[in-house]
Protein chains: 2
Amino acid sequence: MNGPGDWLSFFPELAGLSGDHRTRLRERAHRVEVPAGAIVFSPGAPCGAYLLVLEGSVRVQMIADTGRQIVLYRVRRGESCVLTTAALLGEEAYAAEGVVETPTSAVTVPRPVFDELVAVSDVFRRFVFTGYGRRVAEILATMQAAVFHRVEPRLARLLCATPAPVTATHQEIAAELGTAREVVSRHLKAFERRGLVRLGRGVVEIVDRPGLDRLAELPA
Amino acid sequence: MNGPGDWLSFFPELAGLSGDHRTRLRERAHRVEVPAGAIVFSPGAPCGAYLLVLEGSVRVQMIADTGRQIVLYRVRRGESCVLTTAALLGEEAYAAEGVVETPTSAVTVPRPVFDELVAVSDVFRRFVFTGYGRRVAEILATMQAAVFHRVEPRLARLLCATPAPVTATHQEIAAELGTAREVVSRHLKAFERRGLVRLGRGVVEIVDRPGLDRLAELPA
DNA sequence: CCACCGTCGGTGACCAAGTCACACGGCGTC
DNA sequence: GACGCCGTGTGACTTGGTCACCGACGGTGG
């Protein structure tokens, strides 16, 4: 079948896949539904299959021994979580963990099938490689910001990038930026005093978006 | 020819390559010699070929707009520089630059040949993927340390890991750790006052290695 | 309805790191 | 021998991270 219910249609980059390879994927891949809060993989227990997300969102983050975290990226509809697969291929363990944020439906491709398709299908191989390259670029940019850039503009950028009233605790925002909760609290309070935002429990309401934008543009 | 001068022997992981594929690689790859100080690739101008290093060392580093740097990894004898290739595949540009540290001889595999071999050779593909996985793991570990860990133990670790009297300017050490020169100078001076090292112009002589080791083991 | 409790946010004190400015001294060159 | 560069040392200040602790909100269960 190739109808509207076909999950392959979620991945436009796989549109060029030959009939044989489509069939192979459909036969050997498993659909899974994962509830919010589930941990898909963690440093101790890496996942043994290639993961393709159809719907929902998986947050991938690093956790330091001090308890501080940083969110590396999210895997969403139509995206793949190559990173862990690569960890398997490279036979190294990443200190990263994958947490399901919203109820997620996904497809897992067993390792042998993955290997086979990478070998025989140009389209599939290209899909994997490009996904991989994009991810790594994303991670590098995120961590570069965390290492070299000041918190204030990054926080402003985050607020601007999030739609409507931001519903997140200061702790969650801190994890997003790779900093400490207190630091976020202080900056937000300063923003509030400057009339840029209004603060509530678990909510940041944006009052002066242009003002925030200006802060976000600032250098370091 | 398959004699001792054959560069393929530098890559034990490619030993299993079939005769056909060996020949293909030998015919289509180009040997290049690059002098120290040369910049192999930079954010603006990514390299258009797969790079295999036979001898020498290429330093890959990120540079922030503030001028601060961080060394991500080094490509040495028998290693490949997949990262930039991946950048090409992912059609994203990394903000990383590759600087030749010691005169380097390398082999470049043109993009089409690279694509072809990844497609037809299991051995070659595995070589590329494992190299890639290892690199990414390495980079993540490095940046995680820079984001979450204190400078003192990291500096101690670096000194311990470097053979004999360390010949590097404070600036170079700072780039290695992703911090500022002044920070390195201060910590080194403190080390000297505690009798752990002796400082000279461009040299750090290690006096009390066990003492440094102890510092290196410390938590954060 | 109210007492209890867990989570979230605010804050002060302190330490570590990054930035800025500048001074000093060795070493090579002209 | 004077000049100038480069590597280093340092003080003053800002920003960020940690620790300790408080108070306020919101839900739960008597």
Side-chain angles (χ1 to χ4, degrees), chain A residues 37 62-70 143-159 165-194 197-205 215 218-220, chain B residues 37 62-70 143-159 165-194 197-205 215 218-220:
Chain A
M62 273 181 142
I63 306 183
D65 36 13
T66 59
R68 262 167 68 207
Q69 305 182 357
I70 185 167
M143 301 205 75
Q144 190 186 25
V147 174
F148 294 126
H149 292 338
R150 290 159 30 74
V151 169
E152 192 181 272
R154 292 199 293 136
L155 176 56
R157 236 164 280 153
L158 180 66
L159 293 177
V166 183
T167 59
T169 66
H170 296 182
Q171 177 58 61
E172 285 161 356
I173 297 175
E176 213 65 47
L177 300 177
T179 183
R181 195 219 85 215
E182 294 92 319
V183 176
V184 171
S185 289
R186 279 198 274 266
H187 282 289
L188 282 178
K189 205 66 196 167
F191 285 177
E192 190 178 46
R193 276 192 279 266
R194 293 159 69 180
V197 301
R198 211 148 12 119
L199 299 179
R201 192 184 175 84
V203 190
V204 181
E205 200 185 327
L215 271 186
L218 282 184
Chain B
M62 274 182 139
I63 306 184
D65 36 13
T66 58
R68 262 168 68 207
Q69 305 182 357
I70 184 167
M143 300 204 75
Q144 190 187 25
V147 175
F148 294 126
H149 292 338
R150 290 158 32 75
V151 169
E152 192 184 89
R154 292 200 293 135
L155 176 56
R157 235 164 283 153
L158 180 66
L159 292 177
V166 183
T167 59
T169 67
H170 297 182
Q171 178 57 61
E172 285 161 357
I173 297 175
E176 213 65 47
L177 299 176
T179 183
R181 195 222 86 214
E182 295 92 319
V183 176
V184 170
S185 288
R186 277 198 272 266
H187 282 290
L188 282 178
K189 204 65 195 168
F191 286 177
E192 188 178 49
R193 276 192 279 264
R194 293 158 68 180
V197 301
R198 210 145 14 116
L199 299 179
R201 193 183 175 83
V203 191
V204 181
E205 200 186 325
L215 271 186
L218 281 184

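All figures in this text were calculated on a predicted structure; none of them were measured in a lab.
For Gln69(A) against Phe148(B), the heavy-atom pair with the smallest separation is C-CZ, 3.8 Å. A pairwise comparison of heavy atoms in Leu215(B) and Ala156(B) identifies CB-CB, 3.9 Å as the closest pair. Nearest heavy-atom pair across Ala146(B) and Ile70(B) is CB-CD1, 3.7 Å. Contact detail for Arg68(A) and Gly178(A): the closest heavy-atom pair is NH2-O, 3.2 Å. In terms of heavy-atom proximity, Ile63(B) sits nearest to Gln144(A) at O-NE2, 3.7 Å. When all heavy atoms are compared, the tightest approach of Arg150(B) to Arg154(B) is O-CG, 3.3 Å.
Of the residues in residues 168-181 of chain B, those with a non-hydrogen atom less than 4.0 angstrom from any atom of DNA chain D are Thr169(B), His170(B), Arg181(B).
Note on Gly200(B): only backbone sugar-phosphate atoms sit closer than 4.0 angstrom, heavy atoms only; bases stay farther off.
The nearest heavy atom of DNA chain D to Arg193(B) and to Val147(B) marks one nucleotide each, and the one closer to the 5' end goes with Arg193(B).
With a heavy-atom cut-off of 4.0 Å to chain A, the contacted part of DNA chain C has its first and last nucleotide at dG6(C) to dA13(C).
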Under the side-chain contact (heavy atoms from CB on, under 4.5 Å) rule, what do Thr179(B) and Val184(B) come out as? Steps first, then yes or no, please.
CA-CA 8 Å; Thr179(B) 183; Val184(B) 170; 3.8 Å; yes

Notebook entry, point to check: Going through the checks in order, is the side-chain contact (heavy atoms from CB on, under 4.5 Å) test met by Leu155(A) and Phe191(A)?
Noted result: CA-CA 10 Å; Leu155(A) 176 56; Phe191(A) 285 177; 3.8 Å; yes

Should Lys189(A) and Leu199(A) be marked as a side-chain contact (heavy atoms from CB on, under 4.5 Å) after you check the CA-CA gap, both sets of side-chain angles, and the distance that decides it?
CA-CA 8 Å; Lys189(A) 205 66 196 167; Leu199(A) 299 179; 4.2 Å; yes

Check step by step if side-chain contact (heavy atoms from CB on, under 4.5 Å) holds for His149(A) and Asp65(B). CA-CA 9 Å; His149(A) 292 338; Asp65(B) 36 13; 3.3 Å; yes

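Taking a pair as Watson-Crick or G-U wobble with both distances under 3.5 Å, DNA chain D forms stems of 3 or more consecutive pairs at C:1-30 with D:1-30.
The separation between Leu188(B) atom CG and dG7(D) atom P is 15 Å, rounded to whole Å. With rounding to whole Å, Phe148(B) atom CZ is found 14 Å from dG16(D) atom C1'. Atoms NZ (Lys189(A)) and P (dG16(D)) sit 19 Å apart, rounded to a whole Å. Distance, Glu182(A) CD to dC22(D) C1': 14 Å, rounded to whole Å. We find that CD1 of Ile70(A) is positioned 14 Å from P of dG16(D), with the value rounded to whole Å. For the pair Arg150(B) CZ and dG16(D) C1', the computed distance is 14 Å after rounding to whole Å.
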Protein-nucleotides 23-27 of chain D N/O pairs closer than 3.5 Å?
{"from": "dC25(D)", "atom 1": "O2", "to": "Arg201(A)", "atom 2": "NH2", "distance (Å)": "3.3"}

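Residues Val203(B) and Val166(B) form no side-chain contact, since every pair of their non-hydrogen atoms from C-beta on lies 4.5 Å or further apart. Here the side chains of Met143(A) and Val147(B) are in contact, with some heavy-atom distance below 4.5 Å.
Put simply, the side chain of Arg186(A) and the base of dT18(D) share a donor and an acceptor less than 3.5 Å apart.
For the side chain to side chain contact (heavy atoms under 4.5 Å, CB included) test, residues two or more places apart in sequence or in another chain that qualify with Glu176(A) are Val71(A), Arg74(A), Leu158(A). With sequence neighbours excluded, no residue satisfies side-chain hydrogen bond (donor to acceptor under 3.5 Å, both in side chains) with Glu172(B).
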